[in-house]
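Here is how names work: the chains are called A, B, and so on, in the same order as the sequence lines, proteins then strands, and each is numbered from 1. Since the model is a prediction, treat every value here as computed from it, not as a measurement.
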2 protein chains.
Amino acid sequence: MIRISKKVEYALMALKFISDSDHKLVTAREISDKGNIPYDLLSKILQKLKNENILVSNQGMNGGYSLNKRTDEIPLFSLMTAIDGDTAIAECLHDNNDKDCCMTDTCTIKLPVTRLQKELEDLFKSKTISDFV
Amino acid sequence: MIRISKKVEYALMALKFISDSDHKLVTAREISDKGNIPYDLLSKILQKLKNENILVSNQGMNGGYSLNKRTDEIPLFSLMTAIDGDTAIAECLHDNNDKDCCMTDTCTIKLPVTRLQKELEDLFKSKTISDFV
DNA sequence: ATATATAGGACTATCTTAGTCCAAATTCAA
DNA sequence: TTGAATTTGGACTAAGATAGTCCTATATAT
């Protein structure tokens, strides 16, 4: 089953919310309340987006988050890797594959799966957050 | 993290193996041995492919599996749904969504996510097993 | 009969994802 | 300078999905 994680869904909802409150700082609490998103989980997600420079944050009272880029400058792919780490559609395609994959010799489908991986990546790179807000 | 399941990988390897042994029946045991695939797990997978009329099977001694269609007549999408069941990239897009999804009101991204889902499906439908053998 | 197959239910183990809890650190403002 | 509101971030738990195993039944060629 191929799916985007709930965290990415939450991230999209959060980015839409932030994008809609043009340039005013919004807090994790606000987004959580309005969007019915578990607060603690959302906090982690926003932190990751901040660490990837998708958001900027202000700590302390009256703090909050705001966008650091235009939504059309944020590829969906960046969001996904920011939140879920590097994506590989098949186990054998991970960076450290050669060590771990005991099937290096017998795996007959590596090449075409790699091609598919590339096409999926391209699809996710071609979408930006502006497609979701 | 978006990924195809190990079962689908195994299925692709099995189909390649069967396709390569042109028209001779091949047994689950053979495929398992040659491909380093857990026998019991593989058996289940082959059964599912048979139930979807992707393979035909002969029980009993000298039995085994063979292809029921040309590889270019089997979309990757069919394989995936045969093995992993219906795919929806986001939880809220499942068939029984309206009942279960408590966010029907607050979910702000359903439409664009649905569009993305469609595009992914189209991609998987456009690929056939012939791309993997 | 018996060995070799598929068929399939039930179970377990392992991994991933989702979610929670707690304790800082930061900042504004009274 | 205290306190409330906020982000930061580590550690943990719960729930669910995936992968894998075990066992028994059924079919069939020889």
Side-chain angles (χ1 to χ4, degrees), chain A residues 1-11 13-14 18 24-33 36-52 55-66 80 83-92 94 100-103, chain B residues 1-11 13-14 18 24-33 35-52 55-66 68 80 83-92 94 100-103:
Chain A
M1 185 137 50
I2 297 260
R3 61 161 46 192
I4 60 174
S5 68
K6 209 136 195 195
K7 290 181 190 175
V8 170
E9 283 184 58
Y10 290 154
M13 294 169 68
I18 295 172
K24 190 165 62 70
L25 288 185
V26 293
T27 67
R29 178 62 64 188
E30 274 184 275
I31 303 172
S32 159
D33 288 348
N36 246 312
I37 303 169
Y39 173 75
D40 286 306
L41 186 53
L42 178 66
S43 296
K44 297 285 158 56
I45 293 167
L46 296 173
Q47 281 165 39
K48 282 181 175 172
L49 297 182
K50 181 241 164 185
N51 290 333
E52 294 291 316
L55 296 176
V56 286
S57 67
N58 290 96
Q59 270 188 311
M61 207 168 185
N62 303 331
Y65 295 92
S66 62
M80 291 168 59
I83 290 171
D84 292 331
D86 259 337
T87 66
I89 56 166
E91 208 168 342
C92 63
H94 275 126
D100 292 333
C101 183
C102 59
M103 310 181 70
Chain B
M1 184 139 45
I2 297 261
R3 61 160 46 191
I4 60 175
S5 69
K6 210 139 195 192
K7 291 180 189 176
V8 170
E9 282 183 59
Y10 289 155
M13 293 169 69
I18 296 172
K24 189 164 63 71
L25 287 185
V26 293
T27 67
R29 178 63 64 189
E30 275 184 274
I31 303 171
S32 159
D33 288 349
N36 248 312
I37 302 170
Y39 172 76
D40 287 306
L41 185 53
L42 177 65
S43 297
K44 298 284 159 55
I45 292 167
L46 295 174
Q47 283 165 38
K48 282 182 175 172
L49 297 183
K50 181 241 166 184
N51 289 333
E52 294 290 316
L55 296 176
V56 287
S57 67
N58 290 97
Q59 270 188 310
M61 206 168 185
N62 300 332
Y65 296 92
S66 62
N68 193 34
M80 289 167 59
I83 289 171
D84 291 332
D86 259 337
T87 66
I89 58 165
E91 209 168 341
C92 63
H94 275 127
D100 292 333
C101 183
C102 58
M103 309 182 70

Mind calculating the distance between [atom1] ([X]) and [atom2] ([N]) to the nearest angstrom?
X	N	atom1	atom2	result
B/Leu25	C/dT4	CG	P	17 Å
A/Leu41	D/dG10	CG	P	16 Å
A/Ile45	C/dT17	CD1	P	13 Å
A/Asp84	C/dA18	CG	P	7 Å
A/Ile4	C/dA18	CD1	C1'	15 Å
B/Leu42	C/dA5	CG	P	14 Å
A/Tyr10	C/dT17	OH	P	15 Å
B/Lys24	C/dA5	NZ	P	11 Å

Run the side-chain contact (heavy atoms from CB on, under 4.5 Å) test against B/Asn51 and tell me which residues pass, sequence neighbours left out.
none
For A/Glu52, what residues pass the side-chain contact (heavy atoms from CB on, under 4.5 Å) criterion, not counting sequence neighbours?
A/Ile54, A/Ala82
By nearest atom, which of the nucleotides D/dT7, C/dG8, C/dT6 is closest to the B/Asn51 side chain?
C/dG8
Counting side-chain heavy atoms from CB outward, which of C/dA5, D/dT6, C/dT20 is closest to A/Thr27?
D/dT6
Atom pair OH (B/Tyr65) and NZ (B/Lys50), whose distance is rounded to the nearest 0.5 Å
8.0 Å
For the residue pair [X] and [Y], what are the closest heavy atoms and their distance?
X	Y	result
A/Ile89	B/Arg3	O-CB, 2.9 Å
B/Ser66	B/Ile18	CA-CG2, 4.0 Å
B/Met13	B/Gly35	CE-O, 3.7 Å

Can you find a side chain N or O atom of A/Tyr39 that sits less than 4.0 Å from OP1 or OP2 on D/dA5?
no
Within less than 4.0 Å of OP1 or OP2 of D/dT8, is there a side-chain N or O belonging to A/Ser57?
yes
What pairs of nitrogen or oxygen atoms, one from the protein and one from nucleotides 13-16 of chain D, lie under 3.5 Å apart?
none

What string of B, S and - do you get for nucleotides 22-30 of chain C, 5' to 3', if B is base contact, S is sugar-phosphate-only contact and - is no contact with any protein heavy atom under 4.0 Å?
B--BBBBS-
One pair to check against side-chain contact (heavy atoms from CB on, under 4.5 Å): B/Asp84 and B/Val8. What are the steps and the verdict?
CA-CA 8 Å; B/Asp84 291 332; B/Val8 170; 3.5 Å; yes
At under 4.0 Å between heavy atoms, what does A/Lys44 touch on the DNA or RNA strands: base, sugar-phosphate, or nothing?
base
Inter-axis angle, terminal five-pair segments of the helix from C/dA1-D/dT30 to C/dA30-D/dT1 [nearest 10°]
0°
Going by modelled atom types, is there a donor-acceptor pair between the base of C/dG19 and the side chain of A/Lys6 at under 3.5 Å?
no
Please table the atom pairs, donor to acceptor, closer than 3.5 Å between any side-chain atom in residues 37-48 of chain B and protein atoms at least two apart or in another chain.
residue: B/Ser43; atom: OG; partner: B/Tyr39; partner atom: O; Å: 3.0
residue: B/Lys48; atom: NZ; partner: B/Ile83; partner atom: O; Å: 3.3

Output, in order, the C-alpha distance, side-chain angles, deciding distance and verdict of side-chain contact (heavy atoms from CB on, under 4.5 Å) for A/Leu25 and A/Asn62.
CA-CA 8 Å; A/Leu25 288 185; A/Asn62 303 331; over 6 Å; no
